[in-house]
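Taking it in order: structure first as structure tokens, then the write-up.
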Amino acid sequence: MNTLLSRLNGCAVAVAVSVAATVAAADDFRLGLLTPPPHIWTKAAEAFAAELAEESGGAHNVTVFPASQLGNEAEMLQQLQTGALDMAFMTVAEVSNRAPDFGAFYAPYLARDVAHAGRILRSDTAQALLEQLPAKAGVVGTGFGMAGLRQMVSRGEVNSAEDLAGRKIRITPFAPILDFYNAIGAAPTPMPLPDVYDALANGQVDAIDMDAELIWVLKYYEHADTILQSNHMMFPMVGLISGRVWARLSEEDRAMVGDLMARHVDSTIDTYVEAEPGWLDDLKGVGKTYKVIGEDFFADAVEKWNEIWSKKSAALAGLRSVSQETAN
Ligand code: BEZ
């Protein structure tokens with residue numbers, strides 16, 4: 001069993017628990033996530049469900065609800081806290097609303113490439129952050145996954161960061177990402193995933209912040225002129241179990257459910273490390289201007305972000321050390 005789960009196993013989860021109220025849901029877990037059915041996170045959730053059913057001899061069944069069927073992430077996190085939802089695979093961005101230390105994962109250029117992002121997420125320092133979640137969010141974090149690194153897709157030409165100034169750029173609606181685009185001088189426009197394609201198509205936004213998989217699979221490039229391979233941020237995910245559900249599981253079941261979930265969220269890291277270069281290559285051939293840019297492109301925006309988040313997240317310095325230690 002991984003270290004965090006064994007520690008949580010031995011002590012009471014720091015949430016108020018009404019055991020009797022939740023016993024009825026014992027073996028039929030519901031797992032929510034915002035990604036659509038063909039997405040890598042959804043496939044990992046389904047693989048987790050299948051393996052748990054098999055390993056538990058049918059005692060534990062998980063029904064996966066993709067595409068925000070159970071609500072947006074803020075709503076799902078609330079449901080996890082009350083025990084109305086059992087499990088979720090969720091962006092770390094949402095969790096950072098409750099536990100700001102997690103915002104440190106979004107430090108621009110913390111990871112030099114997607115494999116490096118994976119090493120940072122698998123570090124003991126990153127795993128230790130999960131210990132905050134029972135007290136801060138009423139959930140148990142089993143482990144980290146990810147959706148690769150962030151890129152940009154823009155209408156019109158983009159030759160410098162000044163070309164992004166004042167432009168409406170769709171972002172995932174969370175503070176660390178907002179702060180980055182504000183630091184650039186852009187007009188960050190928070191928008192959930194399902195609204196992005198139409199917003200770019202009809203010019204409601206000028207550009208989007210997105211990962212390579214979705215730019216390719218959902219064809220976001222169709223209504224854009226420029227693809228910027230910026231690799232500017234990692235996009236981590238976390239596997240969550242309601243603290244109320246966790247509290248009523250036996251030690252044996254915690255080990256089985258927690259470890260299996262951790263394994264499946266972690267498997268998404270390998271998937272992105274393997275597949276991301278291919279999506280980026282495919283995007284080079286779609287007939288748009290394709291530019292590879294780095295930290296220099298953003299001038300002092302990265303420094304500004306670091307200044308803001310060194311005050312907001314006590315975890316930033318530790319993750320920076322891990323980043324240096326795991327750079328090669
Ligand atoms: C996004 O909001 O861009 C996003 C959310 C989940 C997975 C991938 C991308």
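Note that the numbering runs from 1 along the sequence shown for the chain. In this text the structure is predicted, and so the values were computed from the model without any measurement. Counting convention: from 1, in listed order, for ligands and their atoms alike.
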What is the minimum heavy-atom distance between [X] and [Y], and which atoms define it?
X: Ala104; Y: Ala315; answer: CB-C, 4.0 Å
X: Asp211; Y: Ala147; answer: CB-O, 3.3 Å
X: Val92; Y: Phe105; answer: CG1-CD1, 4.0 Å
X: Gln127; Y: Leu121; answer: NE2-O, 3.1 Å

For this session: Determine, using the 4.5 Å side-chain heavy-atom cutoff (strictly less than), whether Met256 and Val62 are members of one ILVMFWY cluster.
Result: yes

Where does ligand 1 get N/O contacts under 3.5 Å from the protein, atom by atom?
from	atom 1	to	atom 2	distance (Å)
ligand 1	2 (O)	Arg170	NH2	2.8
ligand 1	2 (O)	Thr172	OG1	3.1
ligand 1	3 (O)	Arg150	NH2	2.9
ligand 1	3 (O)	Arg170	NH1	2.9
ligand 1	3 (O)	Thr172	OG1	3.4

Exercise. Among side-chain atoms of Glu157 and Thr289, is any donor-acceptor pair under 3.5 angstrom?
Worked result: yes

